[in-house]
Every structure is written in C-alpha cells, then in structure tokens.
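What you see below is based on every heavy atom in this structure, not just the backbone, and it leaves out hydrogens, waters and symmetry mates.
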Amino acid sequence: MSNASSNKSKKYKRIIMNEVENRQLTSVMNNTKWSELQREVEKLPFPPPYILRGVLDDTEIEYLYDDVFYIGDWTDEVLKPFFSIEWLM
C-alpha cells in the first residue's frame with residue numbers, strides 16, 4: 001500500500017470512528033468475527049442476500065420486508081473495511 005493510500009485509509013477510518021463516537025454506537029463484531037461469518041457463509045449452498053448499511057450512509061432503507069431476487073456478495077471487496085458497517089441484515 002502506498003503512503004498516499006495509507007493516509008487516505010487512515011483518514012477514512014478516523015471519519016468513521018468520529019461518527020461512531022458522535023452517535024454513541026457500539027461494536028458487536030471484530031475482524032475475526034466478520035472473517036468467521038464469511039467462512040461459514042461460503043459453506044452454504046448459496047450466499048444469502050443481505051442489506052448493508054454503512055456508518056456514513058444517510059439514505060433511508062424502505063425495502064426491508066420485500067422479497068429479494070438476488071444473492072449476497074460476501075467477499076472482502078464488498079464488505080471491507082468491516083469497521084465501516086453499521087448493520088447488516
């Protein structure tokens with residue numbers, strides 16, 4: 001990782017952590033638990049769909065109870081950085 005990329009990543013994490021502190025959010029997951037969840041999902045016959053809300057997301061989720069027609073992408077490219085996830089259902 002380049003120095004510029006590292007600084008950008010640190011700045012993003014600082015922004016997330018400030019928002020977490022301001023909203024008094026608490027974490028129930030850590031990187032180990034997220035990785036374990038990903039490994040267990042890989043064992044399922046298909047990746048279950050989910051709705052993800054990031055800490056900095058400001059849009060309302062209105063479709064929580066609709067049937068879904070997609071499968072979930074449980075890869076690192078979609079989920080990481082884990083610290084930026086507010087909730088997943």
statement: To the nearest 0.5 Å, atom OG of S84 lies from atom CZ of R53 at 12.5 Å
field: Interatomic distance, M29 atom CE to L88 atom CG [nearest 0.5 angstrom]
entry: 8.5 Å
field: L37 side chain near F82 side chain, heavy-atom distance below 4.5 Å
entry: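 Side-chain contact under 4.5 Å: no.
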Close side-chain approach of Y12 to L56, heavy-atom, < 4.5 Å: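 Yes, side chains in contact.
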query: Is a salt bridge present between R39 and E42, judged by a nitrogen-to-oxygen distance below 4.0 Å?
result: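 Between E42 and R39 there is no salt bridge, as every charged N stays at least 4.0 Å from the carboxylate O atoms.
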- prompt: With V28, which residues qualify under side chain to side chain contact (heavy atoms under 4.5 Å, CB included), at least two apart?
  reply: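 V28 satisfies side chain to side chain contact (heavy atoms under 4.5 Å, CB included) with no residue once adjacent residues are dropped.
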message: Holding to side-chain hydrogen bond (donor to acceptor under 3.5 Å, both in side chains), I want the full list of residues that pass it with D57, two or more places apart in sequence or in another chain.
response: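 With sequence neighbours excluded, D57 shows a side-chain hydrogen bond (donor to acceptor under 3.5 Å, both in side chains) to no residue whatsoever.
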field: By side-chain hydrogen bond (donor to acceptor under 3.5 Å, both in side chains) - contacts of K10 (at least two apart)
entry: none
task: Just jot down the salt bridge (charged side-chain N to carboxylate O under 4.0 Å, His left out) partners of K11, sequence neighbours excluded, or say none.
output: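 Partners of K11 by the salt bridge (charged side-chain N to carboxylate O under 4.0 Å, His left out) criterion come out as none, since no residue qualifies.
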- request: Could you note down all residue pairs passing salt bridge (Lys or Arg N to Asp or Glu O under 4.0 Å) where residues 68-81 supplies at least one of them, sequence neighbours left out?
  value: D76-K80
query: Is there a path of hydrophobic side-chain contacts, each under 4.5 Å between heavy atoms of I, L, V, M, F, W or Y residues, that connects Y50 with I85?
result: yes
message: According to a hydrophobic-cluster definition based on side-chain heavy atoms being under 4.5 Å apart (Ile, Leu, Val, Met, Phe, Trp, Tyr only), do V78 and V41 belong together?
response: yes
message: Going by side-chain hydrogen bond (donor to acceptor under 3.5 Å, both in side chains), name the pairs with one or both residues in residues 20-35, residues two or more places apart or in two chains.
response: R23-E86
message: Can a donor-acceptor pair be found, under 3.5 Å and without considering hydrogens, that links the side chain of W74 to the backbone of L79?
response: no
